[in-house]
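To keep things clear, I will list the structure first and then write my remarks on it.
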Amino acid sequence: MKRVFLVARREFLEHLRTKTFWIGIFSFPVILTLAVLVPAWLEGKVSVRDYAVLDHSHWLAAAVEEKASIPDLAKVFSGLKEAFRKGGKALEIYPPFLRSKALGKALEKMDEGMVEKLGEVLTLLGRPEGARLLDRAGLPPGIVALVEKVRAEIGKWWRSLPPEEAKKVAPGSGKSRYRRIPLAELGDPDEAGLRKLVDQGKLFAAIVIGPDPVHTSKGCKYYSKNLADLDLKQWFERFATEAVREKRIQALNLSPEKAAWLAAPLRIETLKVTEGGGEEKASLSSRLHQFAPVAFVYILWISVFMIAQMLLTSTIEEKSNRVIEVLLSSVSPVQLMAGKIIGPALTGLTMILAWAFFAFAGLQVLPLLVEHAPDLGLGAILSDPAYLASFLVYFLLGYLLYASLLVGLGSVCNSLKEAQNLMQPLMLVLIVPLLSMIPVVKDPNGALARVLSFIPPFTPFVMMNRVAGPPAPWEYAATTVLLVITLAFTVWAAAKVFRVGILMTGKPPRLREILRWVREDHS
Amino acid sequence: MEHVLELEGVTKRFGPVTAVDRLSFQVPRGSVYGFLGPNGSGKTTTLRMVMSIFYPDEGRLRVLGRERALEVKDRIGYLPEERGLYKKMKTADLLAYFGRLKGMDGRLAKSRARELLARFGLQEWADKPCEALSKGMGQKVQLLAVLIHEPELMILDEPFSGLDPVNMESMRGAILQMKREGRTVLFSTHVMAQAEEICDYILLIDKGRKLLNGTLSEVKSSGPKGIRLDYDGDGSILRELPGVTRINDAGKSAEIFLEEEADPQEILARLVGRIVIRRFDLREPSLHEIFIRAVGAGEGRAAG
């Protein structure tokens, strides 16, 4: 046992000296940081798209602006609610009239759905029939009065707010992405003039509205040089459609209430059934919880292969360096093989524990780096034993399985090139858990997931993949027993192949010969 | 006499090929034992069986009094024919690692590694990776890796192959040093000159079978005496001599074997005046000659 430990120790120390190991350890936090910071940074960098509208109907462009402000203002209020909760600096980006303590208290009492309605309320308040609609909104009476008070100011503030500021108070809002340039500023061009401005790059897009959009879409056009990115067109179309639909309903002489009722979409609330049949509002964090296994499977796959590959390389190196026979005068082939398998396993565990450490540390540091970092519940995932513990167990089992296959394979090869040729069929098998990753995570207890988890080479990956399911305890037990039996067999067979193969030179043996070594007793 | 190694009727087959065929011999403690034979004669296979890397199909084998070398591995040093070093490891670390694999205490192994490197003039290389060593230095380190744990029995497979004269000399020195320290050295070679210089005992095998075995002088006296000639000039005359059975002509020196009734004085007389003779004596045959005769006889045709 001491000899096994010595061999393992040397392998481990040797790996610590390789670049691969350190790249492996540090690429993870770097990728993780980039994955969080880059989107946040890009969000801030997306350029504001300028567009102009030549409105022959003379009302639609204004109506679109009004409609678009509804979701935008809802965003402002939900951001504001969050800022009140955090307090201090977070509030400073808002104008003084929104910072009153009374408004903060009122927002605190409202749920997400109610805050969303505030945008609508503000818009409706500007209309003659608005006051009547308010009764149906189901808002606490106090807030209506508060909103009434800031209405005039908020409208003025929002209309004059430059997109860069809008990005801060309402990230992702239409206002922060698109800027309508008034025609007067462009010298009142006609359609041809607008086309020229688009051509010159002064405008991202130009929209022409026909004289009677309520009656027909005729004459409505969207000009742009970039037809790959139609976000602006879709955004405009959505609100234009809403505005036109309202007019059409009015033309039917329906009351505004009925009109609003008719136009209101049906919203289905998304809920996740939690353990024990309870319900929980579907949030970003619960969706993340559902998809977290994909990341775990991916990391598991990469670490198993990276480490098993290290083992293969070191075996072949030892063989081509001719160190092997000197070693065999001190340790038996089985001891040597055991040490060679355990060494990289220690390397892998070190790497994984370092990653876990980085992830935990990252969770502590991240909120300090990024303002408005949403709480994604990553901490809950990391401390959930179903994830981290099963990751460790499946890493070890999966690694041992593939390590014993690769060490046997490495022992019969004289060069890395030969080994790569022999590995090709193995790689084909290995692609399966990657391909099935998304289908399995979507249906963790479906037929595909169940069948794959009973095929030992796939068990570690697929069971990790299903962890959000989660699989029944008997499935854990049965698949693990099956995997361990397979493992015992591959280790036994690998030891047989290893003791013959490791001293062989010349061309690699055929599969038939290798199978003969496994069957025969070479003692 | 105590034997550190005993083989009795040891046979090893690889498929249809019999690599070692009913081989028996004993290695006395404290001797330098030369294991000779042409390439492919089964030397490496025999040594691997001694080291328990292979197991014999038939026969009995005792190493340091045990059935399996595994049990006494730590008292044996083995230098295989195919040998190498971990390229990335530091020289001293590598030696210490091999020492620890032989059961040495970690600290002792480290100090002994440096001591050995210093003794062989490699102290500057102790903290450099093995890939920085020249070929000759690498060969020295390979030998040091085998003797770091001060084994009782050294088994060296072709220790002289690929060595330059300087390293060959230091290898020979190392073997003789071990003998002086009372250790036993068994080495294989197909270069007879070295065996002749340092061996106490000789074992000659071919095609897995034992051909000759005994002390160096026993083996040598088993062959016919021959004339050892050192000369300058045109050696073609040697081929015209009467009563000669065989000539090993190396251009400047030659070994001449005569028919039983032939007179060496007559040969000398014929050569005088034709070539410049620097040495002429009648003596036991060289190991080279014995080797060629034995292997030639084994193949059932005249050698040469």
Side-chain angles (χ1 to χ4, degrees), chain A residues 1-21 310 313-336 338-340 343 414 496 498-506 509 512-513 516-517 520-523, chain B residues 14-15 44-45 47-48 50-57 68-90 93-106 109 129-131 138 141-146 148-149 151 153-157:
Chain A
M1 223 30 231
K2 198 179 147 241
R3 308 281 152 100
V4 174
F5 162 76
L6 280 171
V7 175
R9 181 173 163 272
R10 196 202 74 87
E11 294 280 330
F12 177 66
L13 291 178
E14 204 76 341
H15 287 147
L16 292 197
R17 249 173 250 167
T18 60
K19 281 192 209 96
T20 331
F21 177 77
M310 277 185 178
T313 317
S314 86
T315 307
I316 291 171
E317 237 183 306
E318 226 155 60
K319 214 183 151 184
S320 64
N321 274 357
R322 318 278 189 211
V323 190
I324 215 88
E325 213 175 330
V326 184
L327 290 175
L328 287 185
S329 73
S330 307
V331 294
S332 72
V334 173
Q335 283 175 325
L336 179 61
K340 291 195 75 66
N414 295 307
K496 291 230 156 194
F498 188 83
R499 58 178 313 152
V500 183
I502 201 74
L503 284 173
M504 254 198 35
T505 46
R512 258 215 330 251
E513 277 175 82
R516 194 165 54 83
W517 297 347
E520 273 175 18
D521 188 23
H522 272 272
S523 56
Chain B
F14 294 109
T44 296
T45 306
L47 296 183
R48 282 181 174 177
V50 170
M51 288 311 298
S52 299
I53 291 170
F54 291 159
Y55 294 98
D57 296 328
R68 295 204 162 187
L70 283 175
E71 298 160 30
V72 284
K73 264 185 174 176
D74 296 352
R75 292 155 63 195
I76 308 174
Y78 174 55
L79 182 70
E81 184 178 4
E82 299 276 9
R83 51 199 179 237
L85 304 165
Y86 287 111
K87 288 182 195 153
K88 306 273 175 207
M89 255 179 127
K90 287 178 187 160
D93 290 350
L94 178 108
L95 290 182
Y97 173 60
F98 281 121
R100 296 189 70 185
L101 277 184
K102 287 291 191 186
M104 281 175 90
D105 167 69
C130 292
E131 59 191 348
V141 173
Q142 285 157 6
L143 179 67
L144 298 186
V146 179
I148 182 157
H149 61 294
L153 170 62
M154 292 282 292
I155 293 175
L156 314 174
D157 197 359

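The chains referred to below are lettered A, B, ... by the order of the sequence lines, with proteins before strands, and numbering in each begins at 1.
- Ring-plane geometry between B:F98 and B:Y86 is classed as parallel, the angle between the planes falling under 30 degrees on a 0 to 90 degree scale with a further cut at 60.
- Within residues 10-20 of chain A, the residues approaching chain B closer than 4.5 Å by heavy atoms are, in numerical order, A:R10, A:E14, A:R17.
- A search for side chain to side chain donor-acceptor pair (under 3.5 Å) contacts involving B:E81 returns B:T44, not counting sequence neighbours.
- Residues satisfying the side chain to side chain donor-acceptor pair (under 3.5 Å) test with B:D74, not counting sequence neighbours, are A:R3.
- Here the side chain of B:K102 pairs no donor or acceptor atom with the backbone of B:V146 at under 3.5 angstrom.
- Between chain B and the options A:S330, A:P333, A:S320, A:S332, the largest number of non-hydrogen pairs under 4.5 Å is found for A:S330.
- Nearest heavy-atom pair, B:I148 versus B:A109, reported as atom, atom and distance to 0.1 Å: CD1-O, 3.8 Å.
- In this structure, a donor-acceptor pair under 3.5 Å is present between the side chains of A:S314 and A:K340.
- At a 4.5 Å heavy-atom cutoff, the contact between B:Y97 and chain A is made by side-chain atoms alone.
- Between chain A and the residues B:K87, B:R48, B:M51, B:H149, the largest count of heavy-atom pairs under 4.5 Å involves B:R48.
- A:F498 has its side chain within reach of A:L336: a pair of non-hydrogen atoms, C-beta onward, lies under 4.5 Å apart.
- Residues satisfying the side chain to side chain donor-acceptor pair (under 3.5 Å) test with B:R100, not counting sequence neighbours, are none.
- The part of B:L85 that comes within reach of chain A is its backbone (N, CA, C, O), which places non-hydrogen atoms under 4.5 angstrom from that chain.
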